[in-house]
Amino acid sequence: DEQSPFRVYNTPGTKTVTITVTDTKGAYDTEPLRFFVAPKFANPQGLKNQARQMIEAAIGTYGNIEVEAQIKKGKKHESSVDVEKGLTDIINYIDKSLDERYWIDPLHVDPTKGDKVFNYEKGAVVKAQALAKKVSGIPDLEGLDDILYDVIDLLVDADRILAEVVLLEAETVTPDVRRYENYLESARRHYEKGVQYQENDKPVSAINSFRTSWGFSQKILDKYPYPQ
């Protein structure tokens, strides 16, 4: 009986309401309306920028320190660690992943180019992992490895959210067609694998799985777009 009904939902998920329209002569009709209430997500772009700021701060703290590190590779040998270059390489990959050409909005990457975001993110993580291993245990660089691992966590979280958002959208619009049900099952499976990899401290494998999950979800959304 409300002309402009308003509802607040405290839990995410697919909801159904029934709309009744009545004209001036008393004739009416009803129609069920199915829609999806999305959970509140952190902003992937914000997480990436937070990671970037942490690396910039690390450059200010550690960038001018030159050290000779003992790196074990077959046998121990002396090798210099170019901290500033390593940190700058990470920023460059993050910046590439934030290129506006690859983004639709802070929660969605372009369906045709979004895989580049995951790939650049993986590049940043690989660089961060390698540098963290090199600087670990070096007194002059104490604490840098912890910063790098925190950065890795932020970047993987960003990719997890990108995959989760489109998976939830795909779950809402997937038709009763075997082909698309199979896509959805694959998207769910790879997403869960990504979560497991993330929990087991395997960030590169996690990003690969989140990217694959995103790809399967996107196949569904390309055919049956989620209503904006």
Quiz item: Can any side-chain N or O of Ser136 pair as donor or acceptor with the backbone N or O of Ala132 at less than 3.5 Å?
Solution: no
Quiz prompt | For Pro44 against Pro106, the heavy-atom pair lying closest together | solution = CD-O, 3.1 Å
Quiz prompt | Arg189: side-chain hydrogen bond (donor to acceptor under 3.5 Å, both in side chains) partners, not counting sequence neighbours | solution = none
Self-check item: Shortest non-hydrogen contact between Ala163 and Phe210, atoms and distance
Solution: CB-O, 3.5 Å
Quiz prompt | Pairing residues for Gln198 by the side-chain hydrogen bond (donor to acceptor under 3.5 Å, both in side chains) criterion, not counting sequence neighbours | solution = Asp157
Practice problem: For the pair Gln53 and Asn49, evaluate side-chain hydrogen bond (donor to acceptor under 3.5 Å, both in side chains) and give the outcome as yes or no after the intermediate values. | Solution: CA-CA 6 Å; Gln53 291 167 5; Asn49 279 311; 5.8 Å; no
Quiz item: Quick one: ring-ring contact (aromatic ring centres under 6.0 Å, His included) pairs with a partner in residues 132-171, sequence neighbours left out?
Solution: none
Quiz item: Is there a path of hydrophobic side-chain contacts, each under 4.5 Å between heavy atoms of I, L, V, M, F, W or Y residues, that connects Val204 with Ile90?
Solution: yes
Quiz item: Excluding sequence neighbours, so at least two apart, what forms side chain to side chain contact (heavy atoms under 4.5 Å, CB included) with Ala51?
Solution: Ile94, Val151, Leu154, Leu155
Quiz item: For His108 and Leu162, which heavy atoms make the closest approach, and how far apart are they?
Solution: N-CD2, 4.4 Å
Exercise. Go through the structure and list residues passing side chain to side chain contact (heavy atoms under 4.5 Å, CB included) with Asp89, not counting sequence neighbours.
Key: Lys85, Asn92, Lys127
Quiz item: In chain order, what residues pass the salt bridge (charged side-chain N to carboxylate O under 4.0 Å, His left out) check against Glu56, with sequence neighbours excluded?
Solution: Arg52
Quiz prompt | Qualifying residues under salt bridge (charged side-chain N to carboxylate O under 4.0 Å, His left out), relative to Asp99, sequence neighbours excluded | solution = Arg101
Quiz item: Can you name the residues that form a side-chain hydrogen bond (donor to acceptor under 3.5 Å, both in side chains) with Asp201, not counting sequence neighbours?
Solution: none
Self-check item: Shortest non-hydrogen separation from Ala128 to Ile152 and the atoms involved
Solution: CB-CG1, 3.7 Å
Quiz item: Can you find a pair of side-chain heavy atoms, one from Leu144 and one from Leu148, that are under 4.5 Å apart?
Solution: yes
Quiz prompt | With sequence neighbours excluded, residues passing side chain to side chain contact (heavy atoms under 4.5 Å, CB included) with Glu192 | solution = none
Practice problem: Please say whether more than 12 non-hydrogen atoms of neighbouring residues, nucleotides or ligands are located less than 6.0 Å from OH in Tyr191. | Solution: yes
Quiz item: Under 3.5 Å, side chain of Tyr183 to main-chain N/O of Gly215, donor-acceptor pair present?
Solution: no
Side chains of residues 111-123: which donor-acceptor pairs under 3.5 Å do they make with residues two or more places apart or in other chains?
| from | atom 1 | to | atom 2 | distance (Å) |
| --- | --- | --- | --- | --- |
| Thr112 | OG1 | Asp110 | OD1 | 2.5 |
| Asn119 | OD1 | Arg211 | NH1 | 2.4 |
| Asn119 | ND2 | Asp115 | O | 3.3 |
| Glu121 | OE1 | Lys48 | NZ | 3.1 |
| Glu121 | OE2 | Lys48 | NZ | 2.1 |
| Lys122 | NZ | Asn208 | OD1 | 3.0 |

Self-check item: Set of residues satisfying side chain to side chain contact (heavy atoms under 4.5 Å, CB included) with respect to Asp146, sequence neighbours excluded
Solution: none
Quiz prompt | For Lys202, all residues meeting side-chain hydrogen bond (donor to acceptor under 3.5 Å, both in side chains), sequence neighbours excluded | solution = none
